[in-house]
Amino acid sequence: MSRTTVDHSLFWNREISSKLSYDANAPIVKEAKIISLSDVNDPSNGPLNNPTNDLPQGSRLLAVGGSIDDFDVELLKREGANTIFVSHPLARDPLDRLLQEIPSIEWIHSRSAGMDFVASPTLTSFQGKVTNAKGLYSSTLAEYTMMACSYFAKDLPRLLKNKGFKNWEKYNVLELRGSTLGIVGYGDIGRAAARLAVAYGMKVIALRRRPVPDDLCSVVYGNDKESLNRLFAECDYILCAAPLTAETNGMIGKEQFDAAKSGAVFINVGRGPIVDEDALVEALKDGRLKGAGLDVFATEPLSKSSPLWELDNVLLSPHNMDQTATFTYESTSFFVEENLPRFVRGLPLLNPVDASAGY
Amino acid sequence: MRLTVFVMHKTRQSLRAAQRRLQSTTTATAPSYTWADPARRHYKFWNRETDVTGQYSYLIEISPESLQREARILALGSDEADAALHQGPLPLGASLLGVGNTVEELQQNVDKTSPNVLFVSPNCPHAANVLPQVLQAFPSIEWVHCRSAGIDFIESEELVQLYTQRLQSSKPLQITNAKGQFSSSLAEYALMACAYFAKNLPLLLEKQQQRSWHKYNVEELRHKTMGIVGYGDIGRAVAKLATVYGMRVVALRRHPFLSRDDPYCNVVYGRDQESLHQLMRESDYIVCSAPSTVETRGMVSAEAFQHMKPNAVFINLGRGPVIDETALQKALQAGRLKGAALDVFVEEPLSTDSPWWDTPHVLISPHNMDQTATFMHEATEFFLRENLPRFLCGEDLLNPVDPVLGY
């Protein structure tokens with residue numbers, strides 16, 4: 001599944017890209033008739049569901065709901081609904097139904113960067129435009145990544161244990177300076193982490209589908225198995241920031257952990273199913289991995305019976321390291337202020353997703 | 001004597017005007033400001049900026065022609081990190097005469113040749129007492145190099161007297177240290193501590209213990225303000241990282257004009273109380289990296305803590321005595337701080353009945369956040385590769401310290 005159809009110049013980054021840079025004088029050529037497939041009680045959807053000002057000219061919110069029963073599908077069909085804003089965690093089935101029943105839908109926008117939560121055969125074969133929140137969550141995940149690296153470099157598990165025992169035990173710490181960070185899935189999050197890592201004096205090796213050189217990386221590998229194993233063998237810290245697609249599913253497992261450099265630390269901010277969790281637990285228990293910083297899991301919430309909870313070389317967070325008070329709100333604003341005005345003017349939409357590739 | 005409030009915004013004040021104003025309002029401690037000439041200072045201190053991997057730039061070529069004098073070295077205090085000094089090879093013209101922890105031990109090892117260089121390690125017991133004795137027993141010593149960055153462990157009235165006396169004589173005493181050697185590891189620690197509280201790790205770890213999947217909001221460091229008290233090499237290394245994170249940096253140092261063109265800080269304050277309070281008012285994260293000197297002891301007082309923003313984070317990686325520890329404890333207990341991270345304390349090691357062990361939301365480390373396996377070896381290498389060649393060839397030494405000022 002090659003991702004050749006998306007235009008990279010349309011990717012938007014919260015820290016770097018200019019805001020409201022579309023041509024506001026371009027004439028409005030069509031109406032946006034929006035279905036908001038979202039949690040009505042989530043204030044982050046406010047800029048769309050309960051806007052304080054009017055929605056952009058030419059845009060109309062037809063309905064808000066979380067399940068298929070919340071919608072009068074026949075009415076929406078008659079109205080010619082053409083846009084779906086999707087943020088509800090259980091949106092997969094309702095979205096599937098809406099796509100099948102309302103042929104006038106031409107655009108789906110996801111409030112999150114990950115598309116796996118709505119992946120389905122219907123979506124894969126959807127012929128219209130799909131856009132997402134790529135580039136909106138990256139900087140805080142990069143901050144988390146460096147913290148997780150430092151957490152193990154300064155041996156915080158030991159430090160915290162010593163505090164509990166009132167033990168003033170001086171031990172050696174490691175520096176990130178001079179060490180190597182490997183990034184699996186070098187998208188916006190990976191790049192944000194690389195920028196920080198380079199400032200720390202780390203060497204960066206990236207793994208991406210198209211091994212195009214990058215000014216932040218000393219080496220870029222392609223995403224074949226041999227390159228992945230090589231990355232594990234060469235890096236002190238490995239960050240997985242890849243999306244979940246048919247190709248990345250189960251990509252990281254025993255073979256990679258066997259290849260890992262001594263003292264390697266694994267950090268996952270991408271998606272849980274990319275990693276074989278049982279193999280990960282084994283590698284953490286027998287020391288093939290020094291530690292892991294995990295924000296995502298195969299099943300979320302993580303079951304209480306998972307051995308990951310009790311390993312003291314695991315930093316475990318409930319998929320919230322990108323959850324700031326404002327991010328999701330800003331993501332809805334991005335849809336309203338950036339992409340809606342572009343849609344009604346027939347201009348190219350930001351953050352295109354290749355539905356067939358899954359990201 | 002208090003200075004007037006001295007806030008330096010880089011785009012405005014001229015360097016000369018600033019210098020004139022500073023010199024007219026400070027008390028006279030005459031020779032110590034010669035090194036404060038910003039044109040010269042730039043070349044006087046070593047740091048990793050010149051090479052991100054921290055390789056030593058062997059600036060001085062020693063040849064029989066460039067050699068101006070010999071270096072006859074005594075080592076006070078010693079451990080395996082000094083191996084490069086003991087095993088050699090030493091640069092041309094340098095020799096190690098003896099090693100010891102006391103005057104007697106050194107006198108045993110030294111023959112008639114008079115030493116002119118003293119290399120001091122922080123592991124020398126009672127260094128503050130022994131050092132003046134050694135200097136008096138060997139008046140031929142003209143250069144003392146301290147293997148650590150902090151010189152508080154060798155500070156004493158006697159040393160200050162000796163130093164001041166020698167200043168008037170024909171053979172002034174030069175003292176240098178390891179400024180810049182330990183900065184990068186400490187900068188990493190400082191940013192980690194900031195992120196530790198921004199992502200609310202105390203809560204995270206608590207929930208992890210309970211096997212509780214509890215989603216909560218995290219904070220970003222981006223666009224927050226970091227205040228750095230004591231903007232030396234460590235402070236600057238912290239600022240450099242903070243800048244890349246998108247933080248705003250406010251710095252405090254004795255000579256603000258020296259950081260006038262520094263790209264890593266947005267505002268530089270002087271060392272008066274009002275400036276410190278202003279820094280506390282503005283900062284979400286405060287990093288204290290000041291050395292312990294007569295002026296800085298107790299500087300971050302109860303009053304200063306009162307000016308802190310609610311939910312600020314305080315990090316001390318300089319010296320314990322610079323802050324009022326009791327005041328910090330009180331502020332934590334009153335819930336005024338989001339958290340604190342302390343690598344240094346008034347009392348080290350901390351005794352088991354110190355209240356710090358039981359204070360929640362405080363990261364306690366045993367003054368080891370710069371202790372890499374090789375940090376002291378590297379500091380010895382710095383002496384051998386950077387300063388010793390300079391001494392041998394009659395060049396200016398790097399990292400001069402003033403025992404009167406304390407850093």
Side-chain angles (χ1 to χ4, degrees), chain A residues 14-15 139-140 142-151 153-157 159-160 162-178 195-196 198-201 297 300-306 308-310 312 314-327, chain B residues 48 51-54 184-185 187-189 191-196 198-201 204-205 207-222 240-241 243-246 345 348-354 356-359 362-375:
Chain A
R14 178 180 168 261
E15 281 76 48
S139 74
T140 196
E143 290 183 14
Y144 162 76
T145 301
M146 298 318 296
M147 184 203 62
C149 291
S150 291
Y151 182 86
K154 309 308 180 204
D155 204 348
L156 245 66
L159 196 70
L160 296 168
N162 283 351
K163 187 183 178 195
F165 291 119
K166 305 196 186 201
N167 182 8
W168 178 278
E169 176 212 20
K170 281 166 93 88
Y171 60 88
N172 288 343
V173 299
L174 294 175
E175 287 189 271
L176 295 183
R177 179 180 66 92
R195 197 172 299 119
L196 286 181
V198 165
Y200 275 77
F297 304 87
E300 295 178 12
L302 183 65
S303 150
K304 279 201 200 300
S305 61
S306 166
L308 287 169
W309 289 106
E310 69 196 8
D312 60 8
V314 170
L315 189 59
L316 196 160
S317 49
H319 198 160
N320 72 326
M321 284 297 144
D322 58 352
Q323 182 184 312
T324 69
T326 55
F327 268 9
Chain B
R48 293 187 195 282
D51 183 334
V52 75
T53 61
S184 69
S185 182
E188 293 180 14
Y189 160 72
L191 268 302
M192 181 198 67
C194 292
Y196 182 89
K199 313 307 175 196
N200 203 346
L201 248 64
L204 186 75
L205 295 167
K207 294 296 169 189
Q208 189 173 342
Q209 278 226 326
Q210 297 163 2
R211 298 184 180 234
S212 163
W213 179 274
H214 166 81
K215 280 164 100 80
Y216 60 90
N217 286 344
V218 299
E219 285 185 14
E220 290 186 276
L221 293 180
R222 174 169 283 277
K240 181 169 173 233
L241 284 183
T243 303
V244 185
Y245 275 84
F345 302 86
E348 292 179 20
L350 278 183
S351 71
T352 44
D353 53 15
S354 164
W356 287 117
W357 296 112
D358 293 318
T359 315
V362 178
L363 211 49
I364 306 277
S365 49
H367 197 160
N368 72 327
M369 285 295 144
D370 59 351
Q371 184 184 310
T372 63
T374 55
F375 76 144

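Just so it is clear: chains get the letters A, B, ... in the order the sequence lines come, proteins before strands, and each one is counted from 1. Just so it is clear, the structure is predicted and the values come from calculations on it, not from any experiment.
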Do the charged groups of A/Lys166 and B/Asp353 touch, with an N to O distance under 4.0 Å? no
Check for a donor-acceptor pair, side chain of B/Ser365 on one end and backbone N or O of B/Asn368 on the other, with a separation under 3.5 Å. no
Give, as side chain, backbone, both or neither, the part of A/Leu302 having an atom under 4.5 angstrom from any heavy atom of chain B. both
Where on A/Ser303 is there a heavy atom nearer than 4.5 Å to chain B: the side chain, the backbone, both, or neither? neither
In the structure I gave you, are the side-chain heavy atoms of A/Glu310 and B/Arg211 within less than 4.5 Å of one another anywhere? yes
Is the shortest heavy-atom distance from the side chain of A/Pro318 to the side chain of B/Leu204 under 4.5 Å? yes
In this structure, CG of B/Asn200 is separated from OH of B/Tyr216 (nearest 0.5 Å) by 5.0 Å
Donor-acceptor contacts under 3.5 Å from residues 144-151 of chain A side chains, at least two apart:
from	atom 1	to	atom 2	distance (Å)
A/Tyr144	OH	A/Leu294	N	3.4
A/Thr145	OG1	A/Leu141	O	2.8
A/Ser150	OG	A/Met146	O	3.2

Okay, B/Phe375 and chain A: the region with an atom under 4.5 Å from a heavy atom over there is neither
Could you tell me which of B/Thr352, B/Asp370, B/Thr243 has the largest number of non-hydrogen atom pairs under 4.5 Å with chain A? B/Thr352
I'd like to verify something: which residue of A/Pro301, A/Ser317, A/Ser306 has the highest number of heavy-atom pairs under 4.5 Å with chain B? A/Pro301
Can you tell me if A/Glu175 uses its side chain to pair, donor with acceptor, with the backbone of B/Ser184 under 3.5 Å? no
Identify which part of B/His367 has an atom lying under 4.5 Å from any heavy atom of chain A, answering side chain, backbone, both or neither. both
Heavy-atom proximity to chain B below 4.5 Å, by part of A/Asp155: neither
Highest number of heavy-atom pairs under 4.5 Å with chain B among A/Asn162, A/Leu315, A/Leu174 belongs to A/Leu315
Interchain contact, B/Leu241 with chain A, by part (heavy-atom threshold 4.5 Å): side chain
Could you tell me which portion of A/Asp312 (side chain, backbone, both or neither) has an atom closer than 4.5 angstrom to a non-hydrogen atom of chain B? neither
Contact origin within A/Phe165 toward chain B - heavy atom pairs under 4.5 Å: neither
Under 4.5 Å from any heavy atom of chain B, what part of A/Leu160 do you find: side chain, backbone, both or neither? side chain
Using the side-chain hydrogen bond (donor to acceptor under 3.5 Å, both in side chains) rule, pick out the option among B/Lys199, B/Glu220, B/Glu219 that qualifies with A/Thr140. B/Lys199
Which residues pass the ring pair (Phe, Tyr, Trp, His ring centres under 6.0 Å) test with A/Trp309, not counting sequence neighbours? none
With a 4.5 Å cut-off on heavy-atom pairs, point out which of B/Ser212, B/Ser351, B/Ser354 contacts chain A the most. B/Ser212
